[in-house]
Structures are given as structure tokens and as C-alpha cells.
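Every chain is numbered from 1, with letters handed out A, B, ... down the list of sequences. Keep in mind that this is a model prediction, so the values were computed, not measured.
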Amino acid sequence: MYTLKKEERLCNKKLIDKLFHNGSSFLCYPFKASWMFADAAQPFPVQVLFSVSKKRFKRAVDRNRIKRISREAYRLNKQACLYDRLNSAEKKITISIAYIGKELPEYQFSEKKMVKLLKQLCAEAAV
RNA sequence: UAUGCAGAACGUUCUAUCGCUGUCCACCAAUAUGGUGGGCGGAGGAAAGUCCGGGCAACACAGAGCAUCCUGCUUCCUAACGGGAAGGCGCCGGCAGCCGGCGACAGCAAGUGCCACAGAAAAUAAACCGUCCGGCAGUAAUGACGGAUAAGGGUGAAAACGUGAGGUAAGAGCUCACGGCUUUUCCGGGCGACCGGGAUUGCGGUAAACCUCAGGAGUUGAAAAACCAAAUAGGUCCCGGAAGUGAGGCUGCUCGUUUCCGUAUUGUCCGUCACCGUGCGGAUGGUCGCCGGGAUGGGUAGGUUGCUUGAACCUGUUGGCAACAACAGGGCCAGAUCAAUGAUAGAAGCCGCCCGCCUUCCGGCGGACGGUACAAAACCCGGCUUACAGGUUUGCAGCUGCA
């Protein structure tokens, strides 16, 4: 399934604070992922958050563009790379994906790196 | 025609696949509500900067003064404005008129301060060169000394109003004529800024220097504000149990009572300070303390409202030089909240450049390559400012007279 509804996005302020304080993180240039295991209460196996720093990209147009490209790359690949393996392991996680590159990305490049990141995440979570 | 400057309106479109968000409808399960399918809507001229002005909301608020900040030609428009329109004045386009552009454009004749460098001197005037007079020295040229002088020289952004004449030893608004600005005042025109004329007073600049005058300003800002409200902890109230002791009773159990302690709480009485008591000290009585359950109000996460029907927009008529106003008709056009309005692929349009063909030229057709900007709503309006690929369009870069 290629959906990305509100229940699949990370919207809770407390969870976000908790994630950045307690979560473990790794780098997969140009992305940086922070993740942790979540409660069983959430309806989807993953809650995700995309961020772009205002310091690197001053214009809102650029930040929106990067977030949209990252989101599309995640949306189209999450089922194959992440959901199936998490469901079979019966684990649930929250994750934030930050863009730390310095230039506007191309879609194909982002998709390639996103797949790599999701696979690395599975390995980290030891699924 | 091209180029530049200023203004106005515009500022990409279509298809496929996969999504996001709001809303409506149908069906399914149904307590809330959830699921599936379909229809319709979904960024801008600046949404930006957050520089002004309002609406709205909460809090504050007797009146006056001072301080601080803002504004500063006039009249009008407007909900309001530091915005706009029409005018006045000054400067610029050699000069005058038209025309166009620019102007924080109240007051330096209320007071105080400042005026770099250069220059003798930058504001109670002043004597560097020069000019003139006097006596002295010298044959003379001239020299030093004492005095008069702001006309000339040179310096500067600016040199004590400009030009001419009189006047004088030489000079000086010292006097006069004409002219410029200015004070007070009169006459005429204009709603007014101001303009024209007469009399009168004077003559460095600077207020984006302090300041003076006039007018204005309560603070905060949708993370405002109102409402609903899970879990956990704690507050209050109610109920039950537990601890010690005594009596009845074989025990369970039932009934009565409460030693000591306390930064706890409350009542009454007494004392104390000059008085008062809600202060302080003492005496005495009641309640509470540990555990469980229930109720309740405050309130957090979260949610709803605020939240998009509006000083709005479009079309037309009328009034007005215009800004704008009035009236009539029309439709409803984003509402997200760690923040949607997209991603990918293809095609078209527009522009530039190159190649080929056609054409007297303007240009037309086909193909390749490149470009397609600036920029993302965050409560809502009115402005201002700044950014901008590309075309469209209006005005100006001037006209007349004099030199």
C-alpha cells in the first residue's frame, strides 16, 4: 500500500521530544535517521517525521520541495522495505528522517538513498 | 522602429499513474464512529519583509501634569494610516511658459550648540597680501612704526545681501536707485497651503543638532480568547475498615470510650502591648493523621470553537477633475496545525540561439539544443517596501519663445 495518512505521520509533540532525547540514530547521506521502539497502541507499524533545517535552507519553497521528495521516496518504498519485515517481527517503531545535504536533491538519487536507509534501519532494529 | 526609465494588467496549460487535505453524497457495520466508492474545492502578485494603519480578543483604566516615542505644506478620500488623490511652494531639465521628475516641505527673528580641510578671519566680526593717512629715517626708490579701511586678491560648501551711483584720505547699506529674501501690518483673490500689490523691520548656514510649537499614542497578540475533557498524582466531601483500652459474649462479632505526639486545623476563656485584634503567650474542648471505595471542583495531554460571508470580490449605472462614494445585479472562491495543496513520466505553449527550405522585404514552415522567474497561506483586512524568466500595454526621454 502506498498511503501516508495522518496516523502514519508523527504528530505528537511529546513523542517527538522523547524520540530526539532517547532514540538512537545513524547516518545515510544525505539523510540522518533517528528511531526508537514504540508502544503497541499505534495502528501502523511505523510513525515517521520528515525535517529540513531552516539553517541550511532559508527559503520555505526549498524546504517544502525537499520534504515532498523525501516523503514520496519513503511512501513508495516503505511497504516492501520496512512494513513487511516489521509486521512479521511484530515490532513497532517511530522514526524521524532529517535531510542534511547542502543542495536540492534529484528524485532518483533520493529514492536510491532512501531504500538504502530503510534497509539499514531494518538491520539496526535487528528484525 | 529600437533602447532606457516610470506606471498598469498578466505571470503557463494538458494527459496518465500513485498520493495528501477539506467538504458533500451513496453503501456497509453501527453507541460514539469507522470502512469502501464517487462528485466538487485546494497558494500569490507579491502569500515575502513584518515597516505602518485598523478590525477582533484579553487585561488595565477617576482627572491633570511630566517623561518617552511617533507624525509635520494645504484641502479632500478613507474604518484608519506614516497610504492615496487633487493642489501650493522649492529644486532639476541653459533661461521664461507649458510639460515631466524629485522634495521629513512647521519654526534658526525663543534660547543653546555646531560649521571638517583650507583660510588672516567661520560669527560680540576679523587686517595675511593690498589700499589710504601721519610723523620719522633716506637724495630718491623705499623702509620700519602708529593709525584708518572689508572695495580688491587668495581660501572655502559657505566670507556679513547683489548690481550701479553718490560719498570719502582710502573705504564701508554710510546714503540713494533698482532687485532678492525676511519681520510686522494693510488691501485684493483663494475653503486653504499660497499668490498679487502698498507700507514697514532687518540681512551667514544648520532643527535627519539639542530644542520650541502643533497633533497623536494604555499594554499584549490567534502561542489572543471561549468551551469540552481521558489517564496519573494531589485537593475537598462521604462511606467502610484498621490501631490501643474497657464492658458484654466461648470465639467471630456488637456497643462505648481515647493515653501520648504534631511547624496541622478550629471553637471558647484568660493574660499581654497606651488602646483595638485578625498579633503574641497560656488553658481547655472538638476534628484530622493509616488503608480501600465512591462523588466532586480546579486542571494537563488531546479536541472543538475562534476560522473564513468579508470596511471582500466580479459586472454595470450614476455622482466626482481624481482618490473614491452610492445604487442595482451576480456567485461563494484554501482552511492546514511538527503544518496539506504534491511526486514521477510524457506532450503542448512562450522566449533565445543555430541549421535547412520558401519569400523582393516584413516574415512563414520544419528540425536540434538551451531556458521557462521571484517566491509557500498560518486570525482577517487596507497600504508601503523589496524580489521577479517572459511577453502585453500606457506615458515620458519634449514643445514654443529668448540667448
Distance between [atom1] atoms of [N] and [M] (Å, rounded):
N: B:C70; M: B:A80; atom1: C1'; answer: 16 Å
N: B:A328; M: B:A312; atom1: P; answer: 15 Å
N: B:G11; M: B:C350; atom1: C1'; answer: 12 Å
N: B:C92; M: B:A125; atom1: C1'; answer: 36 Å
N: B:G252; M: B:G244; atom1: P; answer: 13 Å
N: B:A118; M: B:G167; atom1: C1'; answer: 37 Å
N: B:G371; M: B:A224; atom1: P; answer: 49 Å
N: B:C270; M: B:G248; atom1: C1'; answer: 44 Å

Quick one: classify the glycosidic conformation of [N] as syn or anti, with syn meaning within 90° of 0.
N: B:A345; value: anti
N: B:C333; value: syn
N: B:G279; value: anti
N: B:G197; value: anti
N: B:U308; value: syn

Taking 4.0 Å as the cut-off, does a side-chain nitrogen or oxygen of A:Gln47 come that near to OP1 or OP2 on B:C338?
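Indeed not, no polar side-chain atom of A:Gln47 lies that close.
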
Closer than 4.0 Å, any side-chain N/O of A:Arg68 to the OP1 or OP2 of B:A340?
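No, no such contact exists.
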
Ignoring the backbone of A:Tyr107, work out which of B:U344, B:G342, B:A339 is nearest its side chain.
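That would be B:U344.
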
As a test of reading the structure: which of B:G342, B:A377, B:A375 is closest to the side chain of A:Glu72, going by heavy atoms?
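So the nucleotide nearest the side chain must be B:G342.
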
Can you see which heavy atom on [X] is nearest to which on [Y], and at what distance?
X: A:Arg56; Y: A:Gly101; answer: CD-O, 3.6 Å
X: A:Tyr99; Y: A:Pro105; answer: OH-CB, 3.5 Å
X: A:Ser110; Y: A:Phe31; answer: O-CE1, 3.9 Å
X: A:Val46; Y: A:Tyr74; answer: CG1-OH, 3.4 Å

Pairwise 5' ranking along RNA chain B for A:Gln108 and A:Arg71, keeping only the more 5' one:
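It is A:Arg71 whose nearest nucleotide is closer to the 5' end.
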
Let me spell it out: for each of A:Asn64 and A:Leu76, pick the nucleotide of RNA chain B with the closest heavy atom. Which residue's pick is nearer the 5' end?
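Here A:Leu76 is the residue nearer the 5' end.
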
Under a 3.5 Å cut-off for both contacts, is [N] paired Watson-Crick or G-U wobble with anything, and if yes, with which nucleotide?
N: B:A79; value: none
N: B:G22; value: B:C40
N: B:U33; value: B:A29
N: B:C145; value: B:G134
N: B:G331; value: none

What is the distance, to the nearest angstrom, from the NZ atom on A:Lys58 to the P atom on B:A376?
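A:Lys58 atom NZ is separated from B:A376 atom P by 13 Å.
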
Value in whole Å for how far the P atom of B:A336 lies from NZ of A:Lys67:
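Answer to the nearest Å: 17 Å.
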
Please examine the side chains of A:Ser24 and A:Trp35, heavy atoms only from C-beta on, and report whether any two atoms are closer than 4.5 Å.
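Yes, side chains in contact.
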
Heavy-atom distance under 4.5 Å between the side chains of A:Val52 and A:Asp62, does that happen here?
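Side-chain contact under 4.5 Å: no.
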
Under 4.0 angstrom, heavy atoms only, what part of the nucleic acid is A:Arg63 near: base, sugar-phosphate, or nothing?
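No contact.
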
Quick check: does any side chain N or O of A:Arg63 sit under 3.5 Å from a backbone N or O of A:Phe57, one acting as donor and the other as acceptor?
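Checking the backbone N and O of A:Phe57 against the side chain of A:Arg63, a donor-acceptor pair under 3.5 Å is found.
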
Indicate yes or no for a side-chain donor-acceptor contact from A:Arg9 to the backbone of A:Leu49 under 3.5 Å, with no hydrogens or angles considered.
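Absent.
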
Within the sub-3.5 Å range, which N or O atoms of nucleotides 371-374 of chain B have a protein N or O partner, and how far apart are they?
none

Atom pair CD (A:Glu111) and OG (A:Ser70), whose distance is rounded to the nearest 0.5 Å:
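If I round to the nearest 0.5 Å, the distance is 11.5 Å.
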
Looking at B:C18, does its base get a donor-acceptor pair with the side chain of A:Arg75 below 3.5 Å?
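Answer is yes: a donor-acceptor pair is held.
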
